[in-house]
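Numbered from 1 within each chain, the chains take letters A, B, ... in sequence-line order.
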Amino acid sequence: MRSSQVLIATLKETPADAEIISHQLMLRAGLIRRSASGLYTWLPMGLKVLRKAEAIVREEMAKAGAQELLMPSIQPAELWQQTGRWEKYGPELLRINDRHGREFCYGPTHEEVITDLVGQEIRSYKQLPITFYQIQTKFRDEIRPRFGLMRAREFLMKDAYSFHLDQDSLQQTYDTMFAAYTRIFERMGLNFRPVLADTGSIGGNASHEFHVLASSGEDAIAFSNQSQYAANVELAEAIAPSGERPAPTATMAAVDTPKQHTIEQVCDFMKVSADQCVKTLLVEGVAEDSVVALVLRGDHELNDVKAEKHSLVASPLTFATPEQVTAACGANIGSIGPVGLTIPVIVDRAAAHLADFICGANQNGQHLAGVNWVRDLPEPETVDLRNVIAGDASPDGEGNLEIARGIEVGHIFQLGDNYSQKLNANVLAESGKAQILTMGCYGIGVSRVVAAAIEQHHDDRGIIWPLALAPFQVVLVPINAHKSVRLRDAAEAMYQQLLDAGFDILFDDRKQRPGVAFADMDLIGIPHRLILGERGLDEGLVEYKCRADGSDAEFAISDVIEQLTQRMEA
RNA sequence: CGGGGUAUAGCGCAGUCUGGUAGCGCACUUGUCUGGGGGACAAGGGGUCGCAAGUUCGAAUCUUGCUACUCCGACCA
């Protein structure tokens with residue numbers, strides 16, 4: 001394609017409201033433009049990228065045996081009322097009335113529609129298992145859209161749904177999808193990790209999120225440096241420290257710690273490290289007006305979700321008021337500790353492993369040092385209460401955890417029969433009896449993948465597209481072609497030759513100065529660049545530059561196809 | 001929804017405090033020179049200063065109300 005035929009809408013300056021790199025670069029490179037909050041137009045150059053991402057998804061879905069269909073973006077309220085989500089989904093669901101006053105919503109997801117469809121169309125177990133997918137525009141009325149396409153309200157999603165007679169079959173398709181997702185993100189050239197996700201009520205290894213690793217990611221991921229283990233930080237289990245708890249060596253003694261309230265202050269004051277202290281947090285209990293003490297090592301952070309799962313702890317997690325704290329401990333927050341408490345005390349595994357530790361004395365302005373479980377206070381009830389931190393042992397026993405940030409671009413999970421039951425999706429089984437279907441569900445945020453790829457692949461000059469996603473693989477830049485017929489002819493000939501050879505090539509035939517062309521193409525991020533100038537032409541040479549590593553080369557014009565092919569395969 | 005901020009040319013911004021003919025840079029148009037990393041000079045085009053009401057001889061500027069956008073937080077099967 002010729003650049004005179006594609007809108008090249010590059011911007012020199014960064015629009016003020018773009019916070020993150022991918023948003024800035026997508027605007028600057030002329031891939032997208034904002035229409036309203038969370039709503040974007042894909043400009044031609046950007047759409048080429050989006051279509052490439054879609055094509056990869058389609059190919060891999062086909063290989064995985066999924067069939068493409070297209071459901072309506074607007075869905076009738078009745079289906080959502082049947083599954084109860086019309087009430088449950090909340091204001092994120094954009095509700096619409098038609099001229100007759102009938103209620104609809106703009107679909108944020110399509111479980112209802114597909115389940116309803118399958119319930120009507122699939123009648124026999126012989127037709128199972130079956131998987132459908134679509135690539136559809138979704139709308140979620142986010143409270144606060146931000147980060148451009150990363151968290152837009154309208155976005156493009158691939159969603160697939162599989163239907164089965166039994167769990168085994170579901171597990172099989174799930175595994176197939178897991179493999180397909182891995183191939184998709186590999187083909188896109190992304191550094192990603194499948195991550196264990198919240199399995200909710202279903203249990204087992206029934207849900208994985210696929211995260212693209214990038215420092216701007218919204219989610220923290222813990223992964224083992226030696227095994228495949230990876231999980232959302234909130235979910236990763238903090239296992240008990242190995243070995244026996246050390247024996248007490250110190251005697252318990254009260255220390256005056258005037259005005260030292262935080263762990264940091266106490267550590268500073270007493271010249272100890274935070275991992276020798278425990279912190280005590282009081283939260284509301286399940287029983288009315290009750291409070292429960294949660295005890296963590298000083299350098300650890302409470303994990304709300306884990307705490308809420310405890311049978312004595314009220315959900316949602318609510319911290320006790322200062323009055324409640326004083327009533328339960330006889331001291332203010334900042335001087336409380338587990339020694340001598342009459343309320344339930346729940347202790348994190350790591351804190352329970354300490355000996356000779358420091359804690360608040362339940363006496364204002366005092367802490368206790370040399371405290372030991374069993375000797376000074378009862379052997380505690382021990383559970384996993386904290387967020388994992390870098391260096392913790394991996395829960396699968398292999399290696400240690402590292403923490404990275406990730407952008408969730410895919411999510412697969414086993415739905416069970418939630419929807420099929422409510423929408424009455426059943427088939428006749430071999431036995432001749434009706435049987436409710438069990439379902440799996442598999443999503444990829446296609447538009448988000450594009451943004452995530454940029455977050456992961458850019459430099460200060462612009463985007464560096466992975467070859468598979470680039471709007472064009474190659475750009476041909478003739479230098480000052482408008483001044484030389486000879487050069488123009490040579491460039492045209494090369495363009496035609498590369499086109500015929502099947503290259504996805506952009507011919508920058510604009511009457512621009514070379515610097516402008518170079519800067520634009522760097523910003524847009526086209527992986528391979530060919531430069532044809534009078535100088536080279538005299539010697540029969542064309543110049544080459546690689547966007548990713550900046551390396552350049554010169555080779556004979558007659559070798560251009562071979563040379564390019566070689567570099568693309570590298 | 002709570003707390004901040006912003007709204008002036010396509011983009012980035014100044015001007016608002018202290019009311020008096022609407023500005024700068026980039027982009028755009030034309031011409032000349034230039035011509036291998038966002039060129040120079042010259043001449044141009046483009047704005048109901050977010051909307052509405054008010055104060056005033058006079059409002060981008062002061063007052064009130066509204067709207068949109070944006071940042072932080074809460075929220076996010």
- request: Write down the distance separating the C1' atoms in B:rG46 and B:rG25, rounded off to the nearest Å.
  value: 16 Å
field: Proximity to the side chain of A:Arg140 - top-ranked nucleotide from B:rA77, B:rG37, B:rC1
entry: B:rA77
Side chain of A:Arg34 - closest among B:rC75, B:rG35, B:rU70: B:rU70
query: In whole angstroms, how far is the P atom of B:rC75 from the CD atom of A:Glu234?
result: 12 Å
- prompt: Which one is paired to B:rG2, where only Watson-Crick or G-U wobble pairs with both distances under 3.5 angstrom count?
  reply: B:rC72
- request: Sticking with atom C1', work out how far B:rG15 lies from B:rU32, rounded to a whole angstrom.
  value: 35 Å
message: Rounding to an integer number of angstrom, what distance separates B:rU63 and B:rU55 when you compare their C1' atoms?
response: 7 Å
- request: To the nearest Å, give me how far apart CE (A:Met150) and P (B:rC76) are.
  value: 20 Å
- prompt: Base, sugar-phosphate, or nothing: which does A:Asp17 touch, judged by heavy atoms less than 4.0 Å apart?
  reply: sugar-phosphate
- prompt: Any side-chain N or O of A:Lys12 under 4.0 Å from OP1/OP2 of B:rA27?
  reply: yes
field: From A:Glu455, A:His457, A:His458, residue fulfilling side chain to side chain donor-acceptor pair (under 3.5 Å) relative to A:Ser22
entry: A:Glu455
message: Between B:rG25 and A:Glu13, counting only base atoms on the nucleotide and side-chain atoms on the residue, is there a donor-acceptor pair under 3.5 Å?
response: yes
- prompt: Taking a pair as Watson-Crick or G-U wobble with both distances under 3.5 Å, which nucleotide is matched to B:rC28?
  reply: B:rG44
- request: Answer yes or no: side-chain N or O of A:Asp520 and base N or O of B:rG38 forming a donor-acceptor pair under 3.5 Å.
  value: yes
- prompt: In whole angstrom, what separates A:Gln24's CD from B:rC71's C1'?
  reply: 14 Å
task: Using a cut-off of strictly less than 4.0 Å, decide whether A:Arg146 has a side-chain nitrogen or oxygen near OP1 or OP2 of B:rC72.
output: yes
message: For A:Ala236 versus A:Asp384, what's the shortest heavy-atom pair and its separation?
response: O-OD2, 4.4 Å
- request: Calculate the interatomic distance between A:Leu415 atom CG and B:rA77 atom C1'; express it in whole Å.
  value: 9 Å
query: Considering only the C1' atoms, how many Å lie between B:rA7 and B:rG12, rounded to the nearest integer?
result: 14 Å
message: Keeping A:Arg28 on the side-chain end and A:Glu13 on the backbone end, is there a donor-acceptor pair under 3.5 Å?
response: no
message: For A:Arg405 versus A:Ile221, what's the shortest heavy-atom pair and its separation?
response: C-CD1, 4.4 Å
- line: The nucleotide from B:rG36, B:rC13, B:rA77 with an atom nearest the side chain of A:His411 is B:rA77
message: Tell me whether the side-chain N or O atoms of A:Arg529 pair up with the base of B:rG37 as donor and acceptor below 3.5 Å, since no angle test is needed here.
response: yes
- request: Using atom types as modelled and distance alone, determine if a side-chain donor or acceptor of A:Tyr181 lies under 3.5 Å from a backbone N or O of A:Tyr442.
  value: yes
task: Whole angstrom is fine here: how far is it from CG in A:Leu532 over to C1' in B:rG36?
output: 12 Å
task: Write down the distance between NE2 (A:His208) and P (B:rA77), rounded to a whole number of angstrom.
output: 18 Å
message: Base, sugar-phosphate or nothing for A:Thr14? Non-hydrogen atoms, less than 4.0 Å.
response: sugar-phosphate
- request: Both distances under 3.5 Å, Watson-Crick or G-U wobble: report the partner of B:rA7, or none.
  value: B:rU67
message: Which label fits A:Phe507 and A:Tyr495: parallel for a plane angle under 30°, tilted from 30 to 60°, or perpendicular past 60°?
response: parallel
message: Say we look at B:rU18 and B:rG2: how far apart would their P atoms be, to the nearest angstrom?
response: 31 Å
message: Is A:Arg144 close enough to B:rC72 that one of its side-chain N or O atoms is under 4.0 Å from OP1 or OP2 there?
response: yes
task: Measure the distance from NZ on A:Lys422 to P on B:rA77 and round it to the nearest whole Å.
output: 16 Å
- prompt: When rounded to the nearest Å, what value does the distance between P atoms of B:rC49 and B:rG5 take?
  reply: 24 Å
For atom OH of A:Tyr89 and atom C1' of B:rC76, their distance in whole Å: 9 Å
task: Take the angle between the ring planes of A:Phe178 and A:His208 and call it parallel below 30°, perpendicular above 60°, tilted in between.
output: perpendicular
- prompt: How far apart are the closest heavy atoms of A:Asp508 and A:Ser3, and which atoms are they?
  reply: OD1-OG, 2.7 Å
query: Taking the same atom, C1', in B:rC13 and in B:rG37, what whole-Å distance lies between them?
result: 27 Å
Under 4.0 angstrom between A:Arg513 side-chain N/O and B:rG39 OP1 or OP2: yes
query: Think A:Ser37 has a side-chain N or O under 4.0 angstrom from the OP1 or OP2 of B:rA68?
result: no
task: Would you classify A:Lys88 as touching base, sugar-phosphate or nothing, given that sugar-phosphate means primed atoms plus P, OP1 and OP2, and contacts are heavy atoms under 4.0 Å?
output: nothing
Selected nucleotide, minimal atom distance to A:Lys545 side chain, candidates B:rC13, B:rG37, B:rG36: B:rG37
message: Considering every strand and a 4.0 Å limit on heavy-atom distances, what is the contact class for A:Glu19: base, sugar-phosphate, or nothing?
response: sugar-phosphate
- prompt: Can you tell me how far P in B:rC26 sits from the matching atom in B:rG39, rounded to whole Å?
  reply: 11 Å
message: Assuming nearest nucleotide by heavy-atom distance, tell me which of A:Lys511 and A:Ala16 is located more 5' along RNA chain B.
response: A:Ala16
